[in-house]
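Chain naming here is simple, since letters A, B, ... match the order of the sequence lines and numbering starts at 1 in each.
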Amino acid sequence: MQKNVTLNKESSPSVDLAQCRSILSNYSSVTHADLIPILQLIQDAYGYLPQDVLIEISAKTHIPLSKIYGVVTFYSQFYLEPRGKYTIKVCTGTACHIKGAPDIKKKISDVLQIQEGETTPDYKFTYTPVACLGTCFLAPVMMIDGRYYGKLTVEKTEAILKGY
Amino acid sequence: MKKLESPDELVKFRKSLELKYRSDKIRVLICTTGCRALGAEEVFKAFKAEIKKLSLEDKVEIVDTGCQGLCARAPVLTIEPMGIFYGRVTEMDVTEIVSRTILKGEVIERLCYTDAGKRIPYVRDIPFYSKQEKIVLRNCGEIDPKNIHEYIVRDGYAALSKVLSDMTPEDVIHEMKSSGLRGRGGAGFPTGNKWEFVKKAAGDIKYIICNGDEGDPGAFMDRAVLEGDPHTVIEGMLIGAYAIGARKGIIYVRAEYPIAVEHLKIAIEQAKTLGLLGENILGSQFGLDLEIKMGAGAFVCGEETALIASIEGKRGMPRPRPPFPATNGLWGKPTNINNVETFANVPVIILKGSEFYKAIGTETSKGTKIFALAGNVKNTGLVEVPMGTTLREIVFDIGGGIPGRKKFKAAQMGGPSGGCVPAQHLDLSIDYETVKEVGAIMGSGGLIVMDDSASMVEIARYFMEFCQDESCGKCVPCRIGTKRMLDILTRITKGEGKKEDIDLLRELAEVTKTASLCGLGQTAANPVLSTIRYYINEYEELINKKSSQTSPQQSSAQQS
């Protein structure tokens with residue numbers, strides 16, 4: 001569950017804080033319970049959680065940056081790095097596993113030349129395995145953004161990726 | 001729409017809806033939730049367009065529903081009142097379905113369910129459906145979940161109305177205790193007793209929480225209920241809130257379930273508009289404010305104390321119990337947490353009575369249970385059966401057996417906390433106790449069928465990898481125990497196992513089980529122990545042969 005990520009000033013591109021400020025302005029007083037929903041909204045807006053934005057959230061909410069960082073790194077759906085244009089989620093649930101998900105995962109890594117959790121250098125794809133998409137009848141299944149691709153084979157997977 | 005100010009107004013409102021809905025219209029029910037993945041929305045749109053083109057709006061209604069259960073045939077649709085069931089429908093089939101089936105009553109053979117080469121057009125004849133008993137899923141797949149009117153017309157909110165006008169909170173708790181309903185999240189704690197603890201706990205402010213953080217890989221029951229019949233969960237929560245004295249409720253839903261969140265939001269808004277949520281519900285003194293919280297991707301948040309920490313905006317890590325949430329829950333206040341399926345049972349128990357409910361099931365486990373049937377089984381999907389149904393009935397009669405020429409090897413029950421039930425226990429009548437005796441758990445209801453090509457050591461390694469990854473790291477036995485067990489299992493599957501590994505696994509399993517802080521660690525070793533129990537020869541074979549086994553299959557993968 002631990003993510004090997006650090007806040008790194010050099011690699012963090014400068015971001016426009018306007019969207020972040022506008023989201024925060026909807027909260028008259030922020031309690032700790034609002035933190036996760038705020039982070040979710042802000043991530044929806046930016047695609048990830050840039051360092052400057054986290055600093056801004058901390059300043060506006062008075063929640064220490066260390067606490068925010070702790071929450072962000074705990075949950076698998078918060079990202080501290082920019083993401084690719086498309087996110088590939090490969091289901092690794094039990095049904096998919098016994099129907100060949102490991103081969104599908106290997107194929108994606110081979111085609112995109114990246115490992116699980118990584119983004120292609122051109123920021124086109126981010127590839128992430130997920131615990132279960134809850135669509136076991138499609139096994140093995142992956143999701144690219146909002147779209148499901150079910151009953152995958154290694155060949156089908158390659159063709160789908162090349163179609164993007 | 002005006003607020004309903006009394007139970008009488010609800011009855012009148014239902015009567016007015018009956019006139020509208022119980023007409024002689026043909027209803028085409030199309031699953032657009034689970035089936036969405038295979039093009040159901042396009043089918044739905046094509047039907048709408050075709051009906052409009054032929055000006056059939058007065059005669060035919062196209063309804064987008066939740067899950068109809070037989071996911072293996074997705075996208076599916078049912079045509080009422082004839083009860084014709086079609087599967088693997090595409091946009092291209094729509095014109096023909098309208099012209100032949102809807103207008104002429106003819107059956108289109110190629111879209112029908114097939115059993116042993118025989119075409120079965122009617123739902124009532126399909127064994128998958130005829131052997132089920134639907135209580136929780138009574139509306140799922142039959143109504144439009146985005147329209148509260150369809151829920152109300154099917155006695156929706158009648159249980160709430162009965163509770164508010166005729167029952168004290170004590171009566172409700174008594175009825176729940178008498179029904180024998182046990183928590184469907186997995187542990188099976190009696191629901192009525194839990195409610196009583198919270199009711200008796202000291203404090204003015206109390207909370208009611210619905211746990212929709214369905215995280216077990218291979219489980220999708222709660223997703224289907226939230227997507228297909230959100231109001232039944234809301235009504236169950238309202239009744240629970242009335243019984244324990246809560247005025248604030250939270251539904252915690254997994255972020256991976258966007259359709260469930262969307263349908264819940266719509267349902268809450270519609271219930272508020274009709275005065276079924278908010279203050280002075282149906283003119284009474286009772287009120288409930290209901291809010292949705294979305295998870296952010298952490299399996300351990302299904303554990304109740306971790307879930308509460310997550311709602312409080314913290315890292316979702318569990319804490320030791322006692323104190324239990326019943327006395328010290330959300331923000332330190334008495335809190336009642338039940339699973340989605342548990343709440344969905346409540347309206348039926350109240351409306352039909354505990355006598356009706358406890359007549360279903362076994363001595364210790366009452367009512368029905370939903371199973372998410374998946375893996376190497378023909379009819380992948382969602383099934384609801386009375387407690388006490390045998391595994392054989394579920395896998396072979398309802399599930400249609402194993403595809404291809406493969407044999408049944410095991411059913412994995414209860415996900416990462418569960419175990420594998422081997423073929424010699426196929427005639428096991430399933431309830432909380434019997435499943436535990438054979439080394440699995442009821443769990444939330446994931447049931448993955450494996451054929452004889454599955455390697456059981458690899459399955460154990462797979463679940464350990466999952467638990468190790470999801471371990472929050474707070475307590476040592478879970479953090480290190482899962483890691484060490486995974487190392488050993490990986491070693492064995494790579495053909496590098498040592499003779500002493502099996503004993504070492506048993507020892508580690510015992511420590512992790514007894515010393516871990518929460519359910520995740522306490523049950524993480526179950527898949528290992530159950531596979532050692534029944535398939536020790538596979539472990540020994542891998543260790544002795546030192547052969548490599550990295551793929552989950554012993555032979556090539558098979559498709560259903």
Original post:
Distance-only, no hydrogens or angles: does the Lys293(B) side chain make a donor-acceptor pair with backbone N or O of Ile36(A) under 3.5 Å?
Top reply: no
Original post:
So what's closer than 4.5 Å to chain A heavy atoms on Met317(B): side chain, backbone, both or neither?
Top reply: both
Subject >> Part of Leu38(B) lying under 4.5 Å from any heavy atom of chain A >> reply: side chain
Subject >> side-chain contact (heavy atoms from CB on, under 4.5 Å) partner of Pro217(B), the single match among Cys132(A), Cys96(A), Cys91(A) >> reply: Cys132(A)
Original post:
For the atom pair CG (Leu35(A)) and OG (Ser310(B)), what is the distance rounded to the nearest 0.5 Å?
Top reply: 10.0 Å
Subject >> Side chain Tyr75(A), main chain Gly316(B), donor-acceptor under 3.5 Å >> reply: yes
**OP:** Would you mind checking which part of Arg36(B) comes under 4.5 Å of any heavy atom in chain A, side chain (CB onward), backbone (N, CA, C, O), both or neither?
**Re:** neither
Subject >> Part of Ala255(B) within contact of chain A (heavy atom distance under 4.5 Å) >> reply: both
Original post:
Given the options Ala296(B), Gly218(B), Cys301(B), which has more heavy-atom pairs under 4.5 Å with chain A than any of the others?
Top reply: Ala296(B)
Original post:
If you count heavy-atom pairs under 4.5 Å between each of Thr92(A), Thr135(A), Asp34(A) and chain B, which one has the most?
Top reply: Thr92(A)
Original post:
Are the side chain of Gln40(A) and the backbone of Met294(B) linked by a donor-acceptor contact shorter than 3.5 Å?
Top reply: yes
Subject >> Engaged part of Ile311(B) at the chain A interface, taking heavy atoms whose separation is under 4.5 Å >> reply: backbone
Original post:
Distance from Arg461(B) atom CZ to His97(A) atom NE2, nearest 0.5 Å?
Top reply: 5.5 Å
Original post:
Rounded to the nearest 0.5 Å, how far does CG of Leu138(A) lie from SG of Cys71(B)?
Top reply: 8.5 Å
